[in-house]
There are 2 protein chains.
Amino acid sequence: MSEKRRTNMKPEARRNQLLDCAQALFFSKGFEDTTMADILQMAGVSKGGFYHHFKSKDELLFGVLDRMAAIVFGNMEAIAEDTESSAVERLRSFLHLRSDYLKQHDYPGQVEFFRAMNADQNNFLLTKFKETVMRFSKPALTGIIEQGCRENTMSVTNAGIAAEMIITLSSSFDNALLRAIEARGTPAADEAAVDLQDALDLAFLTIDRVLGLPDGTTDFGWPEAVPATMATRPPV
Amino acid sequence: MSEKRRTNMKPEARRNQLLDCAQALFFSKGFEDTTMADILQMAGVSKGGFYHHFKSKDELLFGVLDRMAAIVFGNMEAIAEDTESSAVERLRSFLHLRSDYLKQHDYPGQVEFFRAMNADQNNFLLTKFKETVMRFSKPALTGIIEQGCRENTMSVTNAGIAAEMIITLSSSFDNALLRAIEARGTPAADEAAVDLQDALDLAFLTIDRVLGLPDGTTDFGWPEAVPATMATRPPV
DNA sequence: CTTTACAAACCGACCGCCGGTCTGCATATA
DNA sequence: TATATGCAGACCGGCGGTCGGTTTGTAAAG
């Protein structure tokens, strides 16, 4: 009668499948609103099966983030190992990684993603995501700054601390971005767009000044970012 | 037989009592690890009684934070309404609110508090705390910066955005502070202390430069902060 | 080509707990 | 006594996680 189909898979394959399902669900429904039952149903595996591969739901999240980071920051190694270019050039490349990524992928989707990540229910996910970004990008940026100091184009007393500050700064305009996204299609949209542009400009101006570079050396790398953001469809 | 003691209280009194209990528990055990049962037991009230005054556990947290902020940022109004002093003086006063608070209260306790707040289980609490700080302090700081622009001592294009950035910056050394706290009593303590000092210095240097002030204009306001931190007792 | 043996993958009923609801009672005031 | 409201506590659905047991792949022994 009822077919009790069962598919044994190799550990790595099953692990990846579970990570796939979890990633899709976490980033659509949110971390807290995704239940183990959701994941199990989507993967077609039982509770016992799941907990054979992961020891908790949190670990599953960490697995997702680490896997993502490994992919997203793949380009970073090229910059990190680039010994030809000047420190300033490498810094600019580094800072453009984010905008390059945004431009190359479906931007409206990214905006929705950002919106979802900043909801209360995704607090934990967002924090862990930021931690992951910090972990993966700090070493490379530190190296760049150290090179800049050796070349006398940058001047800081502690490259690691400066790197940390810059990575923090890179998300200092998140608030403005979130407000701009929420303001799409409302009367407050124009003011929010100006604020967002100001926030972007100020963030990179600050990076210049922290490192002792001339104003205007660094930029977001996507001049049309603000209009592009405002042009995405507001949610119904 | 069993005495069914019951104490009807005035709504405001009961509300405050519940906030007191919740505050004590949230900041000792953490938000997620504090159950409703814990709070109810401590307050000596039933579930029905509690939910008559608050509609959820989250709302209780918001109540705690708002009440705290109203007290902690009480001093800020004096600065905000101070029309005598120069913008730079007011900025310095504003930035010293944090160190003044730390100095005046039991510092080892504050360190433990900070440590606890940064644990995973308090993620939500910490985020909401930061949001509250932002909400309460941004208007005052914006006003100060606007004054500074009028007086031509500061130069920014968007005072509100600059204020937001500075408030973000003020917690940019949280990472270094956390590492230093965790390193107390270990061989890595000295290096962590140097990093922390560097992070503090860089944060305020950055504030100077964001606002176009001479280097060294602003500071944390507590030169002995780092040794004082390292001297607190590490946990067993 | 079996048979046997064992580890690994997997199942799903079950558990403890948590935040929140609901019905109804106790108490203060008029 | 009538009414409003502070309050009690049994109850609920759902959650993440556990555990004893079953199925499956595999490889050595017969």
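Atoms CD1 and OG, on A/I144 and A/S93 in that order, are 7.5 Å from each other to the nearest 0.5 Å.
Under the 4.5 Å side-chain criterion, counting only non-hydrogen atoms from C-beta, B/D120 is not in contact with A/T127. Side-chain atoms of B/M165 and A/F173, non-hydrogen and from C-beta on, never get closer than 4.5 Å to each other.
Contact check of residues 31-42 of chain B against DNA chain C (heavy atom, cut-off under 4.0 Å) returns B/T34, B/T35, B/M36. Within residues 13-21 of chain B, the residues having any heavy atom closer than 4.0 Å to DNA chain D are, in order of number, B/R14.
OP1 and OP2 of C/dA8 both lie 4.0 Å or more from every side-chain N or O belonging to A/H53.
Distance, A/Y51 OH to C/dA13 C1': 15 Å, rounded to whole Å. Between the CG atom of A/L60 and the P atom of D/dG17 there is a distance of 10 Å, given to the nearest Å. At whole-Å resolution of the value, NZ in A/K55 and C1' in D/dG17 are 12 Å apart. To the nearest angstrom, P of D/dG6 lies 13 Å from CZ of B/F54. We find that NZ of A/K10 is positioned 11 Å from C1' of D/dG25, with the value rounded to whole Å. Spacing between atom CE of B/M9 and atom C1' of D/dA8 amounts to 16 Å, rounded to whole angstrom units. Between the NE2 atom of A/H52 and the P atom of D/dG21 there is a distance of 18 Å, given to the nearest Å. Atom C1' of nucleotide D/dC15 and atom CD of A/Q121 are separated by 16 Å, given to the nearest angstrom.
Checked against C/dT21, C/dA9, D/dG17, the side chain of A/P11 finds its nearest nucleotide in C/dA9.
Between B/F124 and A/F124, the ring centre distance reaches or exceeds 6.0 Å. Annotation: B/W222 is not in aromatic contact with B/Y101 [ring centroid separation under 6.0 Å not met].
Proximity of a side-chain donor or acceptor of A/N123 to a complementary backbone N or O of A/A119 within less than 3.5 Å is not detected. Here the side chain of B/K47 pairs no donor or acceptor atom with the backbone of B/L40 at under 3.5 angstrom. Distance alone, capped at 3.5 Å, is enough to place a donor-acceptor pair between the B/S99 side chain and the B/F220 backbone.
Two end axes, each from the C1' atoms of five base pairs, can be drawn for the helix from C/dC1-D/dG30 to C/dA30-D/dT1; they diverge by 10°, to 10 degrees.
A salt bridge links B/K128 to B/E131: at least one charged side-chain nitrogen sits closer than 4.0 Å to a carboxylate oxygen.
No hydrogens or angles were tested; on distance alone, a donor-acceptor pair under 3.5 Å links the side chain of A/K47 to the base of D/dG17.
Looking at A/R184 and A/T232, their side chains do bring a donor and an acceptor atom within 3.5 Å of each other. In this structure, a donor-acceptor pair under 3.5 Å is present between the side chains of A/Y107 and A/T229.
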